[in-house]
Protein chains: 2
Amino acid sequence: MSVAIENFVKAIYNNENQDITNTKPGNIASKLGISNAAATDMAKKLDAKGLLNYEKYKALRLTEDGEKMALNVIRKHRLWEAFLHKTFDMSLHEIHREAELLEHETSDFLAEKISEYLGNPKFDPHGDPIPNAKGEITTEDTSIPLSQAKENTEYVISRLMSTDKEFFEFCALNGIKYGNTLTVKKQFQSSKMTQIKIYTNTIVLNEDFTQIIYVNEIN
Amino acid sequence: MSVAIENFVKAIYNNENQDITNTKPGNIASKLGISNAAATDMAKKLDAKGLLNYEKYKALRLTEDGEKMALNVIRKHRLWEAFLHKTFDMSLHEIHREAELLEHETSDFLAEKISEYLGNPKFDPHGDPIPNAKGEITTEDTSIPLSQAKENTEYVISRLMSTDKEFFEFCALNGIKYGNTLTVKKQFQSSKMTQIKIYTNTIVLNEDFTQIIYVNEIN
DNA sequence: AAAAATATTTAAGTATACTTAAATTTTAAA
DNA sequence: TTTAAAATTTAAGTATACTTAAATATTTTT
Ligand SMILES: [Mn+2]
Ligand SMILES: [Mn+2]
Ligand SMILES: [Mn+2]
Ligand SMILES: [Mn+2]
């Protein structure tokens, strides 16, 4: 299958997992940077291929085959990210950029090699789950955004939900990294800011950041 | 530039370095598995782009820009081969297959990371030279095919010029590997066979193999 | 030096993945 | 509930990278 098709089913999959009613051609089009007309064309084509169900004016729904394809591409994307981060120490922004291309030119054979080399990781450096070779995600996500965390409680960082370069640069500079530990000190109700302590540093984050930094409470 | 263009200039470059007079559309076409007509079309297009000089019925000649592009792709190809061989222990056949795809989706940035990680190697696992980031090949090739080697002389294996799976499997099983040492025991003139000793094994190779295994004499 | 064989080019056409513009349908607002 | 706004679809067209078939040029053989 072509790069265009793989990116298309991946965009639908990612969208369905957030907002199922809005998975319409126009929405996918704007995510992929193509015209609405192109997205409608593609939707019809993929319906004919059995990768999704297309009904005029309705939301797009991936078939089982379509979802399998999406998860296969996502697996390769996240394995590359994990690999490039670990082996070449590339930043959270760089790894995404490279993985977006490499994911389409990676055989299942090579994906397995990467996975084995890394010890079959279950999460990528953004905290996104890595599907297994069968296309299954076996982990469950219990994490909450930092904006909803309790005061005076210790958390481990579980996910950084962004693709923004500056955000990742901020994180890298301040030890905000998947797996690291932080303590929530105070939630400022009116200003919607969150004060955290990470290592010896105290940082006050605004809502833009506390809604994309996800954490798990340490028992 | 597209995958089709990159593969096209690469095929011309590789061909020019062997048989300059025969670098015509039909020859490139058969190497790429496309029709002669498609190759002629592409040649005209790349002439317009300034990557090669096309004159009806004449051999294709890369321009400086075209050669630079070819060497950039070849660099990425060979870096991937070196990397996959070393890091994932993939075979000489597998690394070529994967590199053929990855070479087109690799940024200069990532290529540099791979190169640094490997210690800026000058040769890939087939013994092919790896151009530097400027597109220069600084090494010179003094190797000769095993068919022309002297009897009772020690050589180091410097190049395995093939893309054939079975040949590489044979090599892997018999210690015929870039950098390994062997001794030429006898050249059978009439049958064009070569008897070598490698480690403790004695092997007799026919011309098919001794013309694609290159060696350098050990001083 | 012709004739035959081979290679190259031209012409016409296809599939994919897009575009813009117009028509249509849905959704939201008045 | 009618109207206005927004989204979706249809229609027509483009660029890329191919194809096959026919025309033409080159190369080889006789
Ligand atoms: Mn992608
Ligand atoms: Mn990720
Ligand atoms: Mn290639
Ligand atoms: Mn090689």
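Quick caveat: nothing in here was measured; it's all calculated off a predicted structure. Quick note on labels: first sequence line is chain A, next is B, and so on, each numbered from 1.
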Just how far, in rounded Å, is [atom2] of [N] from [atom1] of [X]?
| X | N | atom1 | atom2 | result |
| --- | --- | --- | --- | --- |
| A:Lys58 | D:dT8 | NZ | C1' | 13 Å |
| A:Met42 | C:dT19 | CE | P | 11 Å |
| B:Glu55 | D:dA25 | CD | P | 16 Å |
| B:Leu51 | D:dT16 | CG | P | 13 Å |
| B:Leu46 | D:dA15 | CG | C1' | 15 Å |
| B:Asn22 | C:dT6 | CG | C1' | 12 Å |
| A:Met1 | C:dT16 | CE | P | 10 Å |
| B:Ile28 | C:dA7 | CD1 | P | 15 Å |

Residue met sooner reading DNA chain D from 5', once B:Lys56 and A:Lys44 are mapped to nucleotides: A:Lys44
Upstream residue (5' side of DNA chain D) when B:Lys49 and B:Asn36 are each assigned their closest nucleotide: B:Lys49
Look at [X] and [N] and indicate whether a side-chain polar atom (N or O) is within less than 4.0 Å of OP1 or OP2.
| X | N | value |
| --- | --- | --- |
| B:Lys24 | D:dT27 | yes |
| A:Ser35 | C:dC18 | no |
| A:Thr40 | D:dT8 | no |

Pick base, sugar-phosphate or nothing for [X], based on heavy-atom distances below 4.0 Å to the nucleic acid.
| X | answer |
| --- | --- |
| A:Ala38 | base |
| A:Phe8 | nothing |
| B:Ala39 | nothing |

Less than 4.0 angstrom from a charged side-chain N to a carboxylate O is my criterion; do B:Glu112 and B:Arg75 meet it? yes
Of the listed nucleotides C:dC18, C:dT9, D:dA11, the one nearest the side chain of A:Ala37: D:dA11
Are B:Phe83 and A:Phe83 close enough that their ring centres sit under 6.0 Å apart? yes
Check the surroundings of atom CZ in A:Arg61: do more than 12 heavy atoms from other residues, nucleotides or ligands lie under 6.0 Å from it? no
Look at the rings of B:Phe123 and B:Tyr178 and say which category their plane angle falls in: under 30° parallel, 30 to 60° tilted, over 60° perpendicular. tilted
Minimum-distance pair of heavy atoms, taken over all atoms of B:Tyr13 and B:Ala70: CB-CB, 3.6 Å
Taking for B:Tyr54 and for A:Val3 the nucleotide of DNA chain C with the nearest heavy atom, the one nearer the 5' end belongs to B:Tyr54
5'-most contact on DNA chain C: A:Tyr57 or A:Asp41, nearest heavy atom basis? A:Asp41
